Amino acid sequence: MFEVILPDGNKIESEISENWLSFIKREIGESLARAAVAVSINDRLVDVTAEVESGNMSVITMKNPEGVAIMRHSASHIMADAVQKLFPGTKVTIGPSIENGFYYDFDSPHRFSVDDFEAIEKKMSEIVKGRYPFMRKVVTKEAAIELFTKMGENYKVEIIEDLGEPFVSLYYHGDFVDLCRGPHVPNTGFVKAFKLMSVAGAYWRGDENKSMLQRIYATAFPNKESLDEYLKMLEEAKERDHRKIGADLDLFAFSENVGGGLVLWTPNGGIVRTVIENFWRKQHVRNGYNLVFTPHIGRSLLWETSGHLGFYKDGMYNPMDIDGEDYYVKPMNCPFHVMLYKRKKWSYREFPFRWAELGTVYRYEKSGTLNGLKRVRGFTQDDAHLFCRLDQLEDEIKRVLDFSLFMLKSFEFESFKLFLSTRPKEYVGEIEVWNRAESALKDVLEASGLPWEIQEGDGAFYGPKIDINITDSIGRLWQLSTVQVDFNLPERFDISYTGEDGQEHRPIMLHRALLGSIERFFGVLIEHFKGAFPMWLAPVQVAVLPVSEKHIETADKLLQKLVATGIRVKLDDRNEKVGYKIREWSVQKVPYIVVIGDNEADLKTITVRKRGGEQETFATEDFLSKLNSENFNGVYY
RNA sequence: GCUACCGUGGCUCAGUCGGUAGAGCAGCUGAUUCGUAAUCAGCAGGUCGGGUGUUCGAGUCACCUCGGUAGCUCCA
């Protein structure tokens, strides 16, 4: 006797021993039975061919994310099957579903390349067309080891041995068999739309000391339409790639003569950065911060005390010898800010301190990890360190969070997700202080009303933290802001203040960055706006185009007015047709283009072409004041 | 750092089986003086990322190296 409770609360009783498929068909409906890819029973996913059991049950179809993941996992088996049929001698390892697709890692004498994809996809289609049922078989560990040993699948054998389970499950489809926990779709015909994406190396078990396997990335969707939609989104992301736009709009550059991961800011990128930084400084002063500056290098003693030389030496560049002393290029600004603190004795009355710096730091990143502006070796943190009393902590965190959201919103990021990382296994400081800090952070998160998640044990050893992620204009998540509590550095540098009681107390230190690094932030901004910066950030805000030579004088008058208003404007007096110039400035994504011809001879009114092509005629003075307000009166220029 | 792939004038790309490089755009010069996404003509520009080797001969093959790309590992 089975009692199956459906999601709507209905209870179905059944005496029949059968599999879920026939149960669903009889008790719920045939169409659902056809669509079912798996069954969730008591929050456990099983095959539709599994035996009916009692509990809370729901049918998983491709409409559920789990259903799609199961289908992708099945697709990875099909891909492994196809690859093994086409390339004998290929050994299989693992092939999970991942976000937006799946992969399978192979060990093969054959070097896979995109040229193989067509053949593999064709073979996969054949397997799909065969509608081979996925069949689960539970065998003993020994039997499985014997089977895979005979097949020469030593990676599978290794997995089974490490599992340490007496029984393992195998999945068959056609003549292919793989060790697998399941579940899988009922048959290969459920995989309807798939595409191989790329091939890359991956270490066996993610261990860089183990052998390198060949990973084939692929994706699969419930139908062709959603696959195409996904491929289109990838296209869109590619078009937005800040490296491409950065070159097209001449925003930044790299030079192999300078070195990998070292950014050259061009005049165009330089002005954007200047505007961002001026805005940043202004807002920091408004928000009760003091601006400080510290050197790029410091003596080894500083880094010994901070612990960087102990823990993060690999990320630091080799020291330079100055008068027989080792000096290091800074990978972080904090030790300098601590030294600013240590220059005198402080009273509890003086807290909190908020010291901010756009500090350029250098860190050794492995060459393979460098990526445009997103991952570089020299970058500028929009850093600040706060020193406060424990009783001020919550307030300060709240201020940072509010400030951070204000900054991000100013750059037209609208959607946020927050993460709280808590105490890891290895930590410094007292547990009560940790608890108090964590609960302060939690309270702030609760009060924010924004979506947040806890990442248990993910904090740094020196303190808990909050990270703020933004969603960009095509839905990608980027981590920008971070606030970290630090119990470690105050201890290491032995900093203190005199309390109300006349005793020395240890202050709490906070590290925080709002934009993260200016370089990375710029990269994210470029992709967010697809290079079409809002007017206040655009390198060139207005282009003035005289129709012919005789209009240059008038155009120049307008130019002078704009310059006087603090607008970044370019006069294009080249001997070219208007259409040609329009095209060039449009491609450069300039917010406003003004054509000056006979109609504008007196400059009373001008016709403005906005980005996107729309035209509007303004009284010149009105246009100037519109620009002025959009440009925040030029205060950030 | 590891694996795979890529590297031809400022940019995008062509270059067959190894026989000492070709186009468009950009640039320059000249003509044209023109109303909202490319006017016409001419000129100049590269020794093929760098190095070594194989060969009578290498952009084309091999090895090394630098840079980049996709991942893996890492990311205080």
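For the numbers below, each heavy atom of this structure counts, side chains included, while hydrogens, waters and symmetry mates do not. A, B, ... follow the sequence lines: proteins, then strands. Residue 1 opens every chain. Only a predicted model underlies this, so the values are computations on that prediction, with no experimental measurement involved.
Side-chain N/O atoms of A/N209 include none lying less than 4.0 angstrom from OP1 or OP2 on B/C2. For B/G71, neither phosphate oxygen OP1 nor OP2 lies less than 4.0 angstrom from any side-chain nitrogen or oxygen of A/S198. A close approach under 4.0 Å does occur between a side-chain nitrogen or oxygen of A/R243 and OP1 or OP2 of B/A70.
If you take NZ of A/K577 and P of B/U33, they are 11 Å apart, rounded to a whole angstrom. Look at CG on A/L262: it is 13 Å from C1' on B/G67, rounded to the nearest Å. Note: CZ (A/R111) to C1' (B/A70) measures 15 Å, nearest angstrom. Rounding to whole angstrom units, CD1 of residue A/I94 and P of B/C72 are separated by 12 Å. Whole-Å rounding puts the A/L370 CG to B/C2 C1' distance at 14 Å.
Note on A/N599: a base of the nucleic acid sits closer than 4.0 angstrom, heavy atoms only. Residue contacts shown for A/G368 include a base, since a base heavy atom lies under 4.0 Å away. Nucleic acid contact class of A/F254 (heavy atoms, under 4.0 Å, all strands): none. Contact annotation for A/G206: backbone-only contact, meaning every heavy-atom pair under 4.0 Å involves sugar-phosphate atoms and none involves a base. Within the nucleic acid shown, A/E614 has no heavy atom closer than 4.0 Å to any nucleic acid atom. Within the nucleic acid shown, A/Y462 comes within 4.0 Å of sugar-phosphate atoms alone, with no base atom in reach, counting heavy atoms only. Here A/G307 lies out of heavy-atom contact (under 4.0 Å) with every strand. Contact annotation for A/D598: base contact, defined as any heavy-atom pair under 4.0 Å involving a base atom. Note on A/Q214: nothing from the nucleic acid sits closer than 4.0 angstrom, heavy atoms only. Note on A/V114: nothing from the nucleic acid sits closer than 4.0 angstrom, heavy atoms only. Looking at heavy-atom distances under 4.0 Å, A/K550 makes contact with sugar-phosphate atoms alone, never a base. When heavy atoms are screened at a 4.0 angstrom cut-off, A/V547 is found touching base atoms of the nucleic acid.
Side chain of A/R574, nearest nucleotide from B/A70, B/G27, B/C34: B/G27. With distances taken from any side-chain atom of A/R215 to the nucleotides B/G71, B/C34, B/U33, the minimum falls on B/G71. For A/S586, whose side chain is taken as the heavy atoms from C-beta onward, the closest listed nucleotide among B/A37, B/C72, B/A70 is B/A37. For A/R375, the side-chain atoms get nearest to B/C75 when compared with the rest of B/G71, B/A37, B/C75. Nearest to the side chain of A/Y203, among B/A76, B/C2, B/G71, sits B/C2. Closest to the A/M212 side chain, of the nucleotides B/A76, B/C34, B/U3, is B/U3. In this structure, of B/G35, B/G1, B/A70, it is B/G35 that holds the atom nearest to the side chain of A/E600. Here the nucleotide nearest the side chain of A/K366, chosen from B/U33, B/A76, B/G1, is B/G1. Here the side chain of A/T369 is nearest to one of B/C34, B/U73, B/A76, namely B/U73. When each of B/G35, B/C74, B/A26 is scored by its nearest atom to the side-chain atoms of A/Y580, the top-ranked nucleotide is B/A26.
A side-chain donor-acceptor contact under 3.5 Å links A/S548 and A/H551.
Annotation: A/Y592 is in aromatic contact with A/F623 [ring centroid separation under 6.0 Å].
Of the C1' atoms belonging to B/C6 and B/U65, the separation is 16 Å, rounded to the nearest Å. Using atom C1' as the reference point in both B/A23 and B/G30, the two lie 23 Å apart (nearest Å). Here the separation of B/U8 from B/A4, taken at their C1' atoms, is 22 Å to the nearest Å. Across the P atoms, B/C63 and B/A26 are found 41 Å apart, a figure rounded to whole Å. Across B/G18 and B/A58, the matching C1' atoms stand 6 Å from one another, rounded to whole Å. With both ends at atom P, the span from B/G27 to B/C11 equals 15 Å, rounded to whole Å. Nucleotides B/C34 and B/U69, compared at atom P, are 48 Å apart to the nearest Å. Using P as the reference atom, B/G1 and B/A14 are 29 Å apart when rounded to the nearest Å.
Using cut-offs of 30° and 60° for the angle between ring planes, the A/W204 and A/Y155 rings count as perpendicular. Using a 30° and 60° split on the angle between ring planes, A/F353 and A/F387 fall in the perpendicular class, above 60°. Between A/F522 and A/F533, the ring planes are parallel. Angles under 30° get that label, and only those over 60° would be called perpendicular.
The partner of B/C40 is B/G30, by the rule that a Watson-Crick or G-U pair needs both atom distances under 3.5 Å. Pairing for B/G7 goes to B/C66, judged as Watson-Crick or G-U wobble with the two contacts each under 3.5 Å.
A residue-by-residue look at A/G261 and A/Q484 shows that A/G261 has its nearest nucleotide of RNA chain B further toward the 5' end. Between A/H308 and A/Q615, it is A/Q615 whose nearest contact on RNA chain B lies nearer the 5' terminus.
The only option from A/R240, A/R520, A/K374 that meets the salt bridge (Lys or Arg N to Asp or Glu O under 4.0 Å) definition with A/E527 turns out to be A/K374. Each of A/L627, A/L559, A/V590, A/V540 was evaluated against A/V569; a single residue qualifies, A/L559, per the side chain to side chain contact (heavy atoms under 4.5 Å, CB included) test.
Judged by a 6.0 Å distance limit and a 45° cone about the ring axis, A/R72 is not positioned over the six-membered ring of A/F102. Cation-pi contact between A/K342 and A/F493: absent, since separation from the ring centre below 6.0 Å together with deviation from the ring axis within 45° is not met.
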